[in-house]
Amino acid sequence: MGENLLQMTGISIEFPGVKALDQVDFSTEAGRVQALIGANGAGKSTLMKVLSGAYSHYTGEIKIDGKQVVIRSPKDAKDVGIQIVYQEVDTALIPSLSVGENILMNDTIHSNDSNLFINWKKLHQKASSLINSMNLKIPSKKLVSELTLAEKQMVLIARAISTDCKFLILDEPTAPLSHSETKELFRIVSELKDKGVGIIFISHRLPEIFQICDDITVMRNGQHVSRCKVTETSQHKVVEQMLGKSLEDQFPSYEIQVGETLFLVENLSDYEKVKDIDLEIKSGEIVGVAGLVGAGKTELCNALFGHSKISTGKITLKGKQLRLSNPYAAVQAGIALVPEERRKQGIFVNEDVTTNLSVSNLSAFTKLFSFIDRKKESNASLQMIRNLGVKTPSEHTLVQHLSGGNQQKIAIGKWLVADADVYIFDEPTKGVDVGAKKDIFNLMVNLAERGKAIIYATSELSEIMGITSRMYVMYDGKIVKELKTNNTTEEEILYYSAGGK
Ligand SMILES: Nc1ncnc2c1ncn2[C@@H]1O[C@H](COP(=O)(O)OP(=O)(O)OP(=O)(O)O)[C@@H](O)[C@H]1O
Ligand SMILES: [Mg+2]
């Protein structure tokens with residue numbers, strides 16, 4: 001038995017209508033990086049929430065070094081050295097406070113003579129030395145609201161290890177990060193590992209799991225499937241264990257007769273990032289917008305959807321010039337956007353699945369006199385649940401009770417129910433499992449076959465290579481290159497994405 005062995009045995013938990021965990025065993029050791037993988041809704045986050053004290057109503061046992069520990073609250077978990085960094089970093093930080101204050105939030109650094117006053121100097125000193133020990137360059141006095149997402153995540157990690165942290169859980173930390181930010185995170189992970197911290201790492205990106213993890217635990221449908229060393233398995237094998245079947249081709253092959261120009265963008269700029277954009281997309285085309293995180297892809301998508309004000313330029317759909325003063329006008333004109341920040345813009349977490357799937361298209365379900373046709377609404381939503389493989393107890397479940405990846409699918413489905421001419425997808429595969437990715441690609445092809453124009457914005461090069469026929473590469477708010485997918489390589493896309501000429 002290794003030192004600082006953490007064992008969860010026979011963990012079960014239920015929510016109304018779902019058995020989220022069913023007798024799950026999980027174990028990991030200090031000084032190792034343990035991957036936890038599984039399809040959307042498999043129970044990864046729930047298992048880690050149990051371990052970090054978010055729930056008290058589970059059954060099963062947790063032991064550290066053979067000794068039983070009681071974890072029924074976040075404080076219990078912290079007391080035995082377990083810390084978690086959730087994916088929604090924003091909700092865990094106070095933006096109006098400094099980095100130092102956020103890191104040492106749970107600490108009380110009082111000056112010697114009085115307990116009532118915070119010793120600011122000491123606080124920033126302690127925070128700075130922690131930041132320095134992680135080889136980061138974030139000023140302790142900087143406001144959290146001024147940080148990038150990656151920096152915020154680092155602040156959360158710093159906060160976690162500011163206490164006596166033996167086990168650190170990272171739930172999909174890399175989903176929103178750029179390649180260089182991911183590299184930085186991995187450096188910190190491996191330093192923590194060398195210091196003897198046990199890291200539990202959840203991700204849907206298999207290549208990075210095989211890069212930084214020592215062991216892999218696979219879950220499926222709320223159950224434990226396997227645990228082994230990374231060196232003893234393969235990506236193909238773990239996908240099969242995750243899905244319960246093998247996944248041959250990730251990308252559908254398709255041959256679509258492209259039609260007339262459907263969507264034309266000329267000389268488009270917004271008041272901030274987007275400059276002089278020209279796009280031409282024909283009916284039946286799936287066209288990529290490639291570029292690194294921060295290149296302006298999301299800003300472009302937003303401008304095309306009436307989210308941001310346009311300073312110059314012309315947008316034409318089916319030969320008709322559009323005035324997109326707001327997203328409503330865009331929807332009316334026949335444009336749909338699956339936004340990147342789905343939890344903020346894409347879905348209503350307090351509403352149920354069916355309501356979410358029909359809001360963008362209420363008019364289609366509304367009979368004369370504005371009565372909503374509940375039956376039709378429900379049928380459409382059931383069909384979308386099937387098409388996207390949404391894991392939900394029913395179509396009436398509140399979206400906040402779905403797993404992260406399944407919320408994502410709802411955000412996508414919502415726009416697919418709407419009947420638009422142009423579909424803009426902004427990083428649609430973030431946080432969704434490999435099986436669901438394939439479903440999303442199939443849906444794109446389906447739309448294209450129906451003569452729609454598809455814009456696919458992503459920083460995932462393999463996906464842009466796999467699904468598009470043509471792409472525009474963005475750098476610093478501009479389109480710097482147009483490439484035919486068949487005649488290019490990931491290296492070439494990366495070259496132009498990085499500002500190469
Ligand atoms: N608070 C809750 N109420 C009801 N159901 C829940 C709750 N939390 C989780 N579930 C259900 O438990 C199952 C497991 O969800 P969980 O979030 O653990 O999945 P996951 O493996 O983390 O998936 P993802 O990769 O999509 O993040 C899902 O079916 C989810 O709908
Ligand atoms: Mg999750």
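As the structure lists them, so they are numbered: ligands from 1, and atoms in each ligand from 1. Note: hydrogens, waters and symmetry copies are ignored here, and every other heavy atom, side chains too, is used.
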* Structure fact -> Here the gap from Leu156 atom CG to Ile84 atom CD1, rounded to the nearest 0.5 Å, amounts to 11.0 Å
* Exercise: do Gln241 and Ser226 side chains pair donor with acceptor under 3.5 Å -> yes
* Structure fact -> For Val18, the ligand 1 atoms with a heavy-atom partner under 4.0 Å come out as 5 (N), 29 (O)
* Backbone of Leu292 reached by a side-chain donor or acceptor of Lys297 within 3.5 Å -> yes
* Is the shortest N/O to N/O distance between Gly405 and ligand 1 below 3.5 Å? -> yes
* Under 4.0 Å from any heavy atom of Ser45, which atoms of ligand 1 are there? -> 17 (O), 18 (O), 20 (P), 22 (O)
* Just say parallel, tilted or perpendicular for the rings of Phe15 and His57, cut-offs at 30° and 60°. => perpendicular
* Structure fact -> heavy-atom search around atom 17 (O) of ligand 1 in the protein gives Ser403 CB, 3.3 Å
* Asked: Is any N or O atom of Ala42, backbone or side chain, closer than 3.5 Å to an N or O atom of ligand 1?
  -> yes
* To do: Among all protein heavy atoms, pick the one closest to atom 8 (N) of ligand 1 and tell me residue, atom and distance.
  => Phe15 CE1, 3.5 Å
* To do: May I ask you to list the atoms of ligand 1 that are less than 4.0 angstrom from any heavy atom of Lys391?
  => 29 (O)
* No-hydrogen, no-angle side-chain donor-acceptor test under 3.5 Å, Ser462 and Glu490 -> no
* Could you verify whether a donor N or O on one side chain and an acceptor N or O on the other, from Gln83 and Thr163, lie under 3.5 Å apart? => yes
* **His204: numbered ligand 1 atoms lying under 4.0 Å from its heavy atoms** => 25 (O)
* Face-on cation placement of Arg72 at Tyr58 ring, 6.0 Å and 45° thresholds -> yes
* To do: Examine the side chains of Asp171 and Ser45 and answer whether a donor and an acceptor come within less than 3.5 Å of each other.
  => yes
* Give a yes/no on ligand 1: does Gly41 have at least one heavy atom closer than 4.0 angstrom to it? => yes
* Structure fact -> The atoms of ligand 1 lying under 4.0 Å from a heavy atom of Thr46, numbered in the order shown, are 9 (C), 14 (C), 15 (O), 16 (P), 17 (O), 18 (O)
* Structure fact -> re atom 12 (O) of ligand 1, the protein heavy-atom contact at minimum distance is Ala20 CB, 3.3 Å
* To do: Say whether Gly43, considering both its backbone and side-chain N or O atoms, lies within less than 3.5 Å of an N or O atom on ligand 1.
  => yes
* Asked: Which of parallel (below 30°), tilted (30 to 60°) and perpendicular (above 60°) describes His307 and Phe305?
  -> tilted
* When you measure from the side chain of Ser403 to the backbone N and O of Gly41, does any donor-acceptor pair fall under 3.5 Å? -> yes
* Mark up the atoms of ligand 1 that fall under 4.0 Å of a heavy atom belonging to Ala39, in ascending order. => 21 (O)
* Under 4.0 angstrom from ligand 1, any heavy atom of Met219? -> no
* To do: Can you pull out the closest protein heavy atom to atom 5 (N) of ligand 1? Residue, atom name and distance to 0.1 Å, please.
  => His401 O, 3.4 Å
* For ligand 1, which atoms sit closer than 4.0 Å to a heavy atom of Glu172? -> 25 (O), 27 (O)
* Regarding Thr182 and Thr174, is there a side-chain donor-to-acceptor distance under 3.5 Å anywhere? -> no
* Asked: Which one of Gln407, Glu14, Arg220, Lys44 has a non-hydrogen atom at the shortest distance from atom 25 (O) of ligand 1?
  -> Lys44
* Would you say Thr46 has an N, O or S atom lying under 2.8 Å from the Mg ion (ligand 2)? -> no
